Amino acid sequence: MRVLVTGGAGFIGSHIVDVLVDAGHGVRVLDALLPAVHRVKPAVPDAAEFVVGDVTDRTVVDAVLDGVDVVCHQAAMVGLGVDLDDLPAYTTHNDVGTAVLLAAMARRGLGRLVLASSMVVYGEGGYRCADDGPVRPGPRRPADLAAGQFEPPCPHCGAPLLSTPVTEDAPLDPRNVYAATKVAQEHLGAAWATATGGSVLALRYHNVYGPRMPRDTFYAGVASIFRSALERGEAPRVHEDGGQRRDFVHVHDVARANLAALQHDATAGRLVAVNVGSGQPHTVGDMAAALARAFGGPMPLVTGDYRAGDVRHIVASSDRARDLLGYQAAVPFAEGMDAFSRARLRD
């Protein structure tokens, strides 16, 4: 199998390239080497072909699809960004780039795509009220957050809610620019699949961490931000009260999920979404403390600060990934955090 991996020099993409090469597949990497992610040119395995180019460039994309059997589309700007001035860049790199890629695949008759999506498409995760059953809380009010009231109440009766795993059939509710672009990527993929008879597996990554995360950048994940603080001798600063529940999944597991998806005979004419997580929720405070202990301190500082657009709880149901792809996470949380405390970050 010959695979094009867009964004294959990035954090997650580079690990996907590694598992594909190890499995004996042919790999071509397309990466724009954006300076927000790559301060120095990264290494790519000798067995993989490396093309520096932008997925928004039709000429480049047409050329790199030559001889390809399946596309693994990882290229994207990630994270919440700095402010709304980032909006044009996010929509260009994420949505226009996906549109250019899909159009080129249609011209060549390529019909298989694995798409990097994200848990951010859900907004809040799953919740249950003791009286009203499953509910979907709306965005949290700034006045409540400023008062330290971080838990979303039941939208019907105002009672406290129980966080539950979110399944792939949950309504989409993007609450920041990045989330909106990931929803758009999925919709573009679904329209392309319907029009061409192609198949799309959209892997909704939860909180991915591990070696090669970029250090000291606004666009990095929370695990990288905490790890970078520890390297500077600073305490990780935990927002809210640290009780936000997340599903932290190791990048090696995410790479294995992509390998399974690329080898899977997906349903023609459809986009199928699949959560990719660990199946084991932990709080952000727990993650910061585990990482600090493994690193050797200093211990986290819970600030009570908050960010507009953040959600309170979101953890994954991994049932579909197990049933469809045979995927289950293999890296335990404690072991993963211990290794990550010593892993090299990307400069």
Side-chain angles (χ1 to χ4, degrees), residues 4-7 10 12-13 16 55-56 61 70-81 86-87 89-106 110-126 136 165-208 247 249 254 257-258 260-262 264 266-277 309 311 314-321 323-325 327:
L4 171 67
V5 183
T6 70
I12 296 174
I16 295 170
V55 75
T56 64
V61 172
V70 58
V71 176
C72 183
H73 184 33
Q74 304 294 314
M77 284 187 67
V78 300
L80 291 182
D86 279 333
L87 200 157
Y90 272 93
T91 54
T92 298
H93 290 295
N94 296 1
D95 300 337
V96 174
T98 299
V100 170
L101 175 65
L102 291 172
M105 291 178 67
L110 275 172
R112 295 179 57 213
L113 175 70
V114 173
L115 172 67
S117 188
S118 171
M119 54 89 172
V120 297
V121 300
Y122 297 117
E124 289 283 354
R136 297 283 299 172
V166 64
T167 59
E168 291 87 352
D169 58 357
L172 303 185
D173 185 16
R175 298 189 179 183
N176 56 62
V177 170
Y178 172 59
T181 66
K182 299 311 283 186
V183 170
Q185 283 185 302
E186 288 198 14
H187 287 171
L188 289 167
W192 170 87
T194 299
T196 65
S199 65
V200 183
L201 284 172
L203 304 186
R204 292 175 177 168
Y205 303 154
H206 284 248
N207 286 73
V208 187
D247 188 331
V249 57
V254 173
N258 274 271
L262 289 161
H264 178 72
T267 304
R270 288 186 57 201
L271 179 144
V272 177
V274 181
N275 285 332
V276 176
V311 298
I314 180 162
V315 298
S317 167
S318 297
D319 292 349
R320 182 177 292 179
D323 297 342
L324 186 69
L325 302 179
Y327 162 81

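This chain uses plain numbering: 1 for the first residue, then up along the sequence. Computed from a predicted structure; not experimentally measured.
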* Asked: Partners of Ser318 by side chain to side chain donor-acceptor pair (under 3.5 Å), sequence neighbours excluded?
  -> none
* Structure fact -> Hits for side chain to side chain donor-acceptor pair (under 3.5 Å) against Ser118, two or more places apart or cross-chain, chain-then-number order -> none
* To do: Mind jotting down which residue pairs meet the salt bridge (charged side-chain N to carboxylate O under 4.0 Å, His left out) criterion with at least one end in residues 92-105? Sequence neighbours excluded, please.
  => none
* Asked: Got a sec, which residues hit side chain to side chain contact (heavy atoms under 4.5 Å, CB included) with Ala104, two or more places apart in sequence or on another chain?
  -> Val61, Asp62, Leu65, Arg107
* How about His206 and Asn275: do any of their side-chain heavy atoms sit closer than 4.5 Å? -> yes
* Using the test salt bridge (charged side-chain N to carboxylate O under 4.0 Å, His left out), find all partners of Arg204 that sit at least two apart in sequence or belong to another chain. => Glu186
* With sequence neighbours left out, write down each residue that passes side chain to side chain donor-acceptor pair (under 3.5 Å) with Ser317, or none if nothing qualifies. => none
* What residues, two or more places apart in sequence or in another chain, satisfy side chain to side chain donor-acceptor pair (under 3.5 Å) together with Asp323? -> none
* Structure fact -> Sorted by chain and residue number, the side chain to side chain contact (heavy atoms under 4.5 Å, CB included) partners of Ala321 (sequence neighbours excluded) come out as Val274, Tyr327
* To do: Not counting sequence neighbours, which residues clear salt bridge (charged side-chain N to carboxylate O under 4.0 Å, His left out) with Asp173? List them please.
  => Arg175
* Taking only residues two or more places apart in sequence, or in another chain, which ones meet Ala89 in a side chain to side chain contact (heavy atoms under 4.5 Å, CB included)? -> Met77, His93
* Residue pairs, two or more places apart or on separate chains, that pass side-chain hydrogen bond (donor to acceptor under 3.5 Å, both in side chains) and touch residues 188-198 -> none
